[in-house]
Structures are given as C-alpha cells and as structure tokens.
S.K.: 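Structure provided below as structure tokens; questions to follow.
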Amino acid sequence: DAVMTQTPLSSPVTLGQPASISCRSSQSLVHTDGNIYLSWLHQRPGQPPRLLIYKVSNRFSGVPDRFSGSGAGTDFTLEISRVEAEDVGVYYCVQTTQFPLTFGGGTKVEIK
Amino acid sequence: EVQLVESGGGLVQPGGSLRLSCAASGFTIKSHWMSWIRLAPGKGLEWVGNIKQDGTETHYVDSVRGRFTISRDNARNSLYLQMDSLTAEDTAVYFCASSFMDVWGKGTTVTVS
C-alpha cells in the first residue's frame, strides 16, 4: 500500500501570509498510463471535503488561484499564496493511482 | 444542483449490520466509479472501497474486506454499502463520493456501541 505522510500536522498562519503543506508517498505514484493521480482536498468542520487540486497540479473548477500544487515522483506540495480566513480547516492529500486508495493524515490550518 | 445524499446511519451493537444508501441527483452515477469514504472521530479520512461504473468490479480496504459490500443501482442512480460484523472501529461518518472526489455527500453517522 502507498503510505501517504503529510507534514506539518498543524500549521498556524497569519492572514495574508503563505502556507505550504508537504505530502510524501512511500511508493511511486506514476500510473501505468503515465499520469500521477495525486489530489488535494480541503475539509472545513462539519462539511464534506472539497476537491482543490487533481493530478498533482491541476486546479479544480472554482478553486481560487491562490492554491497551487506541485511535485513529482513521491514528493508533493500544496501551497496557499496568501491565506484567507475561509482557508481554515484540514487539508488532505490522496493518491488514486493504485488500490487501496490512501489519504495522508491531514494538516490542520488555523489562523494565528 | 449536484447532490449526493447518504442515509441509513445510526446506532448499532457490535456484530450487527447496517445498510447505507447514497441517492444522487443532478449527477448521473452510471458514468463514474463511486467510492465510500469514512471519517472516524479524531482521525483522518479513510477510503473504504469503490465500485466500477457497471458494478462488475469492486475494491476494498483490508480492514473491511469480507465484511462490507458495495453495490449500485444505476437505474435508481443510487449507491449502497452493506456493513456486516460491525465493530467499534467502524464508528465514523460515512461519505459517498465520486472516485474522482469532485462530488461528495454530506455523510451519515454510524455508531457501533
């Protein structure tokens, strides 16, 4: 199984400042079709998760451009260029390249 | 409006069974692999399993394989999760979602106690 390790566990940030979350996979996430199926989700308390980024760096429809994803191989990063109040919550990376699908443990973003 | 609505959660004793349903509207599930994903108290998201568009293929996480069964009725635009031999470790909010994870329900709570 591909174990997904996220860091940090918690990220207190100042409004308007950047934030960065790392996600490392224990195995290569390159699918046989050549794509890397690594996505990022955001979950606010009491709400279902929302898709932000898919296939490493593709912003999903309606996602603000302050969110960006990057990475290759087994190391991936989600960056928020300027954190806004609505960005609080837990962020998860998830790989859908191979079964079982696996999530990172989550990173809680909160405002200082 | 695209909606997935889960139902069927509740309180069940250890060893018991529950069947969850997920009804889709504004979204045609027959075109999509569909997943069940859960969020246990104090823990992160965990993928439970998924099912292919035509129902001919299913996959499960090891912890539920042999106890949980995912099925679908494309004519009813609905997804199901049959959960047997439940344990306290299955206590969670259960979400149905497209396997692309762009569409999610609000979840239904299962408590095993």
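Because only heavy atoms are used, hydrogens play no part in the values below, and waters and symmetry mates are left out as well, while side chains stay in. Letters go in sequence order (proteins before strands), and every chain restarts at 1. The shown structure was predicted, so the numbers you read here are calculated from the model rather than taken from an experiment.
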S.K.: Spell out the residues in residues 36-51 of chain B that have some non-hydrogen atom less than 4.5 Å away from a non-hydrogen atom of chain A, in order of number; otherwise answer 'none'.
M.R.: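 At a heavy-atom separation under 4.5 Å, chain A is reached by B/I37, B/L39, B/K43, B/G44, B/L45, B/E46, B/W47, B/N50.
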S.K.: Which residues from residues 69-86 of chain B are near chain A, with near meaning under 4.5 Å between non-hydrogen atoms?
M.R.: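 So far as heavy atoms go, nothing in residues 69-86 of chain B approaches chain A to under 4.5 Å.
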S.K.: Quick check: does any side chain N or O of B/S98 sit under 3.5 Å from a backbone N or O of B/M101, one acting as donor and the other as acceptor?
M.R.: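 Such a contact is found between B/S98 side chain and B/M101 backbone.
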S.K.: Taking 4.5 Å as the heavy-atom cut-off, does anything in residues 24-35 of chain B contact chain A, and if so which residues?
M.R.: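 Expected list: B/W33, B/S35.
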S.K.: Name the region of A/L52, side chain, backbone, both or neither, that has any atom closer than 4.5 Å to a heavy atom of chain B.
M.R.: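 Neither part.
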S.K.: Does any non-hydrogen side-chain atom of A/L15 lie less than 4.5 Å from one of A/I111?
M.R.: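 A/I111 vs A/L15: side chains touch.
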S.K.: Flag the pair A/V30 / A/T97 as yes when at least one side-chain heavy-atom distance between them is below 4.5 Å, and no otherwise.
M.R.: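 SC-SC contact between A/V30 and A/T97 ruled out.
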S.K.: Below 6.0 angstrom between ring centroids: does that apply to B/F68 and B/Y60?
M.R.: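 Between B/F68 and B/Y60, the centre distance exceeds or equals 6.0 Å.
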S.K.: Less than 4.5 Å apart, any side-chain heavy atom of B/L4 and any of B/V103?
M.R.: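 Of all side-chain heavy-atom pairs linking B/V103 with B/L4, at least one is under 4.5 Å.
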S.K.: Under 3.5 Å, is there a donor-acceptor pair between the A/Q27 and A/S25 side chains?
M.R.: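 There is no such pair between these side chains.
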S.K.: Are side-chain heavy atoms of B/F100 and A/T96 found at a separation under 4.5 Å?
M.R.: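 B/F100 does not reach A/T96 side chain to side chain.
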S.K.: For A/Y54 and A/F60, take the angle between the two ring planes, folded into 0 to 90°, and tell me which bin it lands in: parallel under 30, tilted 30 to 60, perpendicular over 60.
M.R.: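 Perpendicular, since the angle between the ring planes exceeds 60°.
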S.K.: Does some side-chain heavy atom of A/V94 sit less than 4.5 Å from a side-chain heavy atom of A/W40?
M.R.: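 No; the side chains remain at least 4.5 Å from each other.
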S.K.: What residues of residues 104-113 of chain B make heavy-atom contacts with chain A at a cutoff under 4.5 angstrom?
M.R.: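 Checking residues 104-113 of chain B against chain A gives B/W104, B/G105, B/K106.
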